[in-house]
Amino acid sequence: APTCTETGLTEGSHCSVCGTVLTAQKTVPALGHDWKQPTGQWNADHTSVVLTFVCNRDASHTETVTASGSAISSEITTQPTATTPGVRTYTATVTLDGETYTVTDTVAIPATGATISGSITSYKGNTEEGQVTVQLFAGASETAAYTATVTNNTSYTFAGVAAGTYTMKVSKKDHVTRSYEITVDGTALTQDVKIHLLGDVNGDGRLTTGDVARTNSHVKEVQFLEGYEFECADVSGDGRLTTGDVARINSHVKEVQFLW
């Protein structure tokens with residue numbers, strides 16, 4: 001019988017008595033390979049792929065073909081959104097024994113993310129020392145996922161921020177670092193930020209007797225400061241408000257010893 005690569009013969013017939021050939025055997029052409037759909041081994045950047053063919057008639061018969069260059073095409077088959085990754089599909093086309101075959105592979109395209117922006121309010125000028133740093137920390141991470149350094153003291157923008165929960169930290173020399181909790185869901189988000197000078201409890205950009213009075217009121221347990229105002233009044237940075245903090249703010253106001 002013929003195989004993929006070798007010819008065969010028909011059965012033929014002969015007289016069982018005298019042996020005379022009644023029907024002569026005829027040569028049957030080789031069948032040729034019947035290739036299965038190939039598998040593809042792509043390189044890392046999808047610029048080439050090795051296709052492996054296995055014959056249906058004989059699994060020991062294999063062929064490999066390498067496709068590259070114009071034999072490979074790609075297209076975005078699923079567009080990414082702000083929160084959902086997209087898909088790019090690569091297609092390689094080759095010809096073997098007169099037949100055309102294709103293999104494909106897909107690669108995820110990162111979600112485009114959202115834009116976060118807002119105004120910045122701070123004090124003491126816009127020199128290099130006065131640059132404002134805005135950082136986004138994802139979840140409980142201590143490493144900033146996004147950082148912007150702003151010199152014009154007016155606004156900041158983050159583009160392509162992945163969906164999730166973030167802590168935004170805003171800092172500047174002589175100011176008290178402030179944190180904001182934000183949730184990014186794929187839509188544009190505006191988060192205006194404001195940071196105070198150390199000791200500036202009311203955030204008006206100056207240290208006055210009003211800041212002294214508010215800090216003193218907390219120490220005397222008349223009216224308590226909370227949150228960021230507490231942090232601004234805690235000029236010693238020990239996590240408490242004491243007469244020492246009142247004295248240091250008052251000393252700055254009276255121009256005896258400046259905090260910054």
Side-chain angles (χ1 to χ4, degrees), residues 42 44-47 73-91 104-206 211 225-234 237 260:
W42 295 81
D45 59 4
H46 285 77
T47 57
S73 62
S74 74
E75 63 175 329
I76 297 175
T77 48
T78 302
Q79 290 289 343
T81 68
T83 57
T84 305
V87 176
R88 178 177 290 277
T89 300
Y90 290 86
T91 302
T104 61
D105 197 23
T106 58
V107 175
I109 304 172
T112 57
T115 297
I116 303 173
S117 60
S119 64
I120 298 174
T121 301
S122 68
Y123 304 94
K124 284 195 67 181
N126 302 319
T127 63
E128 184 173 346
E129 284 190 351
Q131 290 179 335
V132 178
T133 299
V134 185
Q135 296 177 298
L136 291 180
F137 297 82
S141 174
E142 296 182 358
T143 302
Y146 306 88
T147 299
T149 301
V150 181
T151 56
N152 63 11
N153 200 32
T154 57
S155 63
Y156 71 92
T157 299
F158 292 111
V161 178
T165 300
Y166 296 86
T167 297
M168 176 184 288
K169 293 186 178 181
V170 188
S171 59
K172 182 180 179 180
K173 188 178 187 300
D174 297 328
H175 289 63
V176 179
T177 298
R178 191 168 196 171
S179 296
Y180 297 85
E181 300 299 321
I182 63 173
T183 298
V184 179
D185 61 4
T187 58
L189 174 66
T190 298
Q191 176 65 66
D192 297 330
V193 299
K194 180 181 180 181
I195 49 177
H196 300 185
L197 288 160
L198 182 63
D200 180 14
V201 178
N202 62 14
D204 63 358
R206 304 173 301 150
D211 299 301
L225 297 174
E226 296 180 349
Y228 189 63
E229 289 185 339
F230 181 100
E231 295 174 24
C232 293
D234 181 19
W260 29 263

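Computation of the quantities below employed the complete heavy-atom set of this structure, encompassing side-chain atoms and omitting hydrogens, waters and symmetry-equivalent molecules.
Not counting sequence neighbours, the partners of Ala162 by the side-chain contact (heavy atoms from CB on, under 4.5 Å) test are Tyr146, Tyr166. Applying the side-chain hydrogen bond (donor to acceptor under 3.5 Å, both in side chains) test to Thr147 and every residue at least two apart in sequence or in another chain returns nothing. Take Asp192 and apply the side-chain contact (heavy atoms from CB on, under 4.5 Å) test, not counting sequence neighbours, and it matches Ser119, Thr190. Take Thr77 and apply the side-chain hydrogen bond (donor to acceptor under 3.5 Å, both in side chains) test, not counting sequence neighbours, and it matches Thr89. Partners of Glu229 according to the salt bridge (Lys or Arg N to Asp or Glu O under 4.0 Å) rule, which considers only residues two or more places apart in sequence or in another chain, are Arg214. Residues satisfying the salt bridge (Lys or Arg N to Asp or Glu O under 4.0 Å) criterion with Asp204, sequence neighbours excluded, are Arg206. Remark: Thr83 engages Thr81, Ala163 in a side-chain contact (heavy atoms from CB on, under 4.5 Å) (not counting sequence neighbours). Listed by chain and number, the residues in a side-chain hydrogen bond (donor to acceptor under 3.5 Å, both in side chains) with Glu75 amount to none (sequence neighbours excluded). The salt bridge (Lys or Arg N to Asp or Glu O under 4.0 Å) search around Asp234 returns none, not counting sequence neighbours. Residues passing the ring-ring contact (aromatic ring centres under 6.0 Å, His included) test with Tyr228, sequence neighbours excluded: His196. Remark: Ala114 pairs with Val184 by the side-chain contact (heavy atoms from CB on, under 4.5 Å) rule, at least two apart or across chains.
In terms of heavy atoms, Glu142 sits closest to Phe137 at O-CE2, 3.5 Å. Closest approach of Val134 and Phe158 over heavy atoms only: O-CZ, 3.4 Å. Here the closest non-hydrogen pair linking Pro110 and Pro80 is O-CB, 3.6 Å. Taking every heavy atom of both residues into account, Cys232 and Val201 meet most closely at CB-CA, 4.3 Å. Here the shortest heavy-atom pairing between Ala111 and Ala82 reads CB-O, 3.5 Å. In terms of heavy atoms, Asp200 sits closest to Gly205 at OD2-N, 2.7 Å.
Taking 4.5 Å as the limit, every side-chain heavy atom of Ile195 sits out of range of all side-chain heavy atoms of Val176. Side chains of Ile116 and Leu136 form a contact here, defined as non-hydrogen atoms less than 4.5 Å apart.
Without hydrogens or angle criteria, Lys172 side chain to Tyr123 main chain gives a donor-acceptor distance under 3.5 Å. Judged purely by atom type and a 3.5 angstrom limit, Trp260 has no side-chain atom pairing as donor or acceptor with the backbone of Leu197. Without hydrogens or angle criteria, Asp211 side chain to Asn202 main chain gives a donor-acceptor distance under 3.5 Å.
Within 6.0 Å of NZ in Lys194 there are more than 12 heavy atoms belonging to other residues, nucleotides or ligands.
Residue pairs that meet the ring-ring contact (aromatic ring centres under 6.0 Å, His included) test with at least one member in residues 176-195, sequence neighbours left out, do not exist here.
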